[in-house]
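Because the structure is a prediction, the values reported are computed rather than measured. Whatever order the structure lists ligands and atoms in, that order sets their numbers, starting from 1.
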Amino acid sequence: MDLGIKDRVAIVTGGSKGIGLAAAAELGRAGAKILLAARGEADLDDAAERLRADGVQVAAHVADAAKAEDVDAIYEAAVAAFGRVDIAVCSAGGGHGPLRTFDWEEWVRLYELNVLSAVALAMRCVPEMRERGWGRIVFVGSTSGREADARWAAYGAAKAALLHAAKSLSLGYSKHGVLVNCVLPGLTRTEGVLAGYQAQAERLGVTADDVEQRMLELQPIAMGRAGESVEVADAIAFLCSERASWIAGASLLVDGGTIRVTP
Ligand SMILES: NC(=O)c1ccc[n+]([C@@H]2O[C@H](COP(=O)([O-])OP(=O)(O)OC[C@H]3O[C@@H](n4cnc5c(N)ncnc54)[C@H](OP(=O)(O)O)[C@@H]3O)[C@@H](O)[C@H]2O)c1
């Protein structure tokens with residue numbers, strides 16, 4: 001399928017690894033120019049190099065997407081590199097924040113990381129997208145925003161708020177051609193998740209496979225397996241595309257059948 005986004009300019013936060021990097025690769029393959037943003041310079045440079053080797057036009061900007069001043073700098077870096085921004089994929093996020101060890105600062109930090117980072121970048125991009133009458137914004141939410149779990153209560157609450165914010169943005173700007181949607185991944189075997197398995201395995205004296213099996217028992221997935229980054233990235237790329245021209249304010253589960261309730 002031709003996504004119809006050749007030469008569109010896309011910002012991808014959380015772009016050096018995992019779902020963000022996979023989404024950048026898919027958008028790049030479709031001909032978009034990419035500005036990758038993440039905090040760690042070495043990983044970011046590696047990621048940019050990998051995309052360049054695939055023929056993608058890419059620039060990289062070291063930034064913390066959860067800091068207001070860095071959000072401006074991310075936007076400016078994309079404009080400096082490619083002249084404008086048409087697409088924003090907000091993948092920076094994560095965390096846990098269990099209820100059992102409630103911590104005020106941690107709830108604030110996870111709200112800033114999972115909600116404000118995305119909303120602030122969207123709002124930085126919206127005016128010019130609106131002026132041109134075309135924009136695509138995709139927030140990377142989580143099944144945790146749909147189904148509460150005390151083990152990651154702060155993270156889930158933040159991802160739920162992100163869905164709400166996406167809907168507000170969508171109601172505000174769809175009529176101007178700026179389409180805002182969310183993908184809601186279930187457990188996905190990203191670098192971050194695999195590193196978590198490994199750390200847990202070392203703590204418990206078991207294998208990383210054992211840890212994954214335990215995760216699948218605790219939160220069963222209808223398909224019986226976790227996802228891969230590229231499976232989420234394909235959904236993101238579609239929502240960023242010309243083909244998704246009648247989709248606005250959607251929350252697309254990409255979870256192998258984790259969530260059991262109907263919307
Ligand atoms: N993997 C899953 O099972 C899963 C499930 C549901 C939802 N999600 C969501 O998917 C998104 C991506 O997760 P992932 O599993 O792909 O993560 P990952 O493999 O750990 O990669 C995270 C990426 O985000 C960057 N990042 C983290 N904090 C950042 C910040 N403050 N500013 C800019 N970049 C930042 C990281 O680079 P630096 O650390 O160098 O900044 C890295 O590039 C998150 O929003 C997460 O909540 C993941």
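For atom 31 (N) of ligand 1, the closest heavy atom belonging to the protein is Asp64 OD1, 2.8 Å. The nearest heavy-atom contact from the protein to atom 7 (C) of ligand 1 is Gly141 O, 3.2 Å. The protein heavy-atom contact nearest to atom 39 (O) of ligand 1 is Arg39 NH2, 2.8 Å. Nearest non-hydrogen protein atom to atom 35 (C) of ligand 1 is Ala92 CB, 3.8 Å.
Of all the heavy atoms of Thr188, the ones lying under 4.0 Å from any atom of ligand 1 are found in both the backbone and the side chain. Within the 4.0 Å heavy-atom criterion, the part of Ala63 lying near ligand 1 is the backbone and not the side chain. Only side-chain heavy atoms of Leu113 come within less than 4.0 Å of ligand 1; its backbone N, CA, C and O stay farther off.
Taking every heavy atom of Tyr155 and a limit of under 4.0 angstrom, the matching atoms of ligand 1 come to 6 (C), 7 (C), 8 (N), 9 (C), 46 (C), 47 (O). Below 4.0 Å from some heavy atom of Val140 lie the following atoms of ligand 1, by number and element: 9 (C), 10 (O), 11 (C), 45 (O). The distance from ligand 1 to the heavy atoms of Val193 drops below 4.0 Å at these ligand atoms: 1 (N), 2 (C), 3 (O). Taking a cut-off of under 4.0 Å to the non-hydrogen atoms of Gly14, the atoms of ligand 1 that pass are 23 (C), 24 (O), 25 (C), 34 (N), 43 (O). Here is the list of ligand 1 atoms found below 4.0 Å of a heavy atom in Gly192: 18 (P), 19 (O), 20 (O). Using a 4.0 Å cut-off to heavy atoms of Ile19, the atoms of ligand 1 that qualify are 10 (O), 16 (O), 48 (C). For ligand 1 and Ala65, the ligand atoms under 4.0 Å from any heavy atom of the residue are 30 (C), 31 (N), 32 (N), 33 (C). The Gly18 neighbourhood of ligand 1 comprises atoms 16 (O), 19 (O), with distances under 4.0 Å to a heavy atom of that residue.
Between Asp86 and Arg136, none of the side-chain N atoms (NZ, or NE/NH1/NH2) sits under 4.0 Å from a carboxylate O, so this pair counts as no salt bridge. Ionic pairing of Glu231 and Arg225 is present here: one or more N-O contacts between side-chain nitrogen and carboxylate oxygen are shorter than 4.0 angstrom. A salt bridge does not link Glu131 with Arg84: none of the charged nitrogens is closer than 4.0 Å to a carboxylate oxygen.
Of the polar atoms of Thr143, none of the N or O atoms is found under 3.5 Å from an N or O of ligand 1, judged by distance alone. Ligand 1 has a nitrogen or oxygen under 3.5 angstrom from a nitrogen or oxygen of Thr190. Taking any N or O of Gly40, backbone or side chain, at least one lies under 3.5 Å from an N or O belonging to ligand 1. Not one N or O of Leu187 is nearer than 3.5 Å to an N or O of ligand 1, by distance alone. Geometrically, ligand 1 and Pro185 share no nitrogen or oxygen pair separated by less than 3.5 Å.
Comparing Met215, Lys159, Arg109 by heavy-atom distance to atom 45 (O) of ligand 1, the nearest is Lys159. With Ala195, Ser117, Gly186 as candidates, the residue nearest to atom 4 (C) of ligand 1 on a non-hydrogen basis is Gly186. For atom 11 (C) of ligand 1, the candidate residues are Ser91, Ala37, Gly93; the nearest heavy-atom contact is made by Ser91. Comparing Ser16, Ala38, Gly94 by heavy-atom distance to atom 42 (C) of ligand 1, the nearest is Ser16.
Under a cut-off of 6.0 angstrom, the local environment of CZ in Arg50 is sparse, with at most 12 non-hydrogen atoms contributed by other residues, nucleotides or ligands. More than 12 non-hydrogen atoms from other residues, nucleotides or ligands lie less than 6.0 angstrom from CZ of Arg260.
Atoms CG and CZ, from Leu51 and Arg29 in turn, are 9.0 Å apart once rounded to the nearest 0.5 Å. We find the OG1-CD1 distance between Thr190 and Ile19 to be 6.0 Å, quoted to the nearest 0.5 Å.
Note that atom 22 (C) of ligand 1 has no protein non-hydrogen atoms nearby, at separations under 4.0 angstrom.
Between Val140 and Pro185, the closest heavy-atom pair is CG1-CG, 3.9 Å. The two residues Ile5 and Cys240 come nearest to each other via the heavy atoms CG2-O, 3.6 Å. For the pair Ala235 and Val183, the tightest heavy-atom approach, listed with the atom from each and the gap, is CB-CG1, 4.2 Å.
Judged by distance alone, the side chain of Ser170 and the main-chain N or O of Ala166 form no donor-acceptor pair under 3.5 Å.
Ligand 1 lies nowhere less than 4.0 angstrom from a heavy atom belonging to Gly227.
Listed by chain and number, the residues in a salt bridge (Lys or Arg N to Asp or Glu O under 4.0 Å) with Glu112 amount to none (sequence neighbours excluded).
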Checking Gln213 against Glu217 for the side-chain hydrogen bond (donor to acceptor under 3.5 Å, both in side chains) test, could you report, in this order, the C-alpha distance in whole Å, the side-chain angles of both residues, the deciding distance, and whether it holds?
CA-CA 6 Å; Gln213 278 316 309; Glu217 283 161 22; over 6 Å; no
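Between Val230 and Glu26 there is a side-chain heavy-atom pair separated by less than 4.5 Å.
Side-chain contacts under 4.5 Å among hydrophobic residues (ILVMFWY), followed directly or transitively, place Tyr173 together with Ile11, Leu35, Val71, Ile74, Tyr75, Val79, Val85, Tyr111, Val115, Leu116, Val119, Leu121, Met123, Val126, Met129, Ile137, Phe139, Leu162, Leu169, Val178, Val180.
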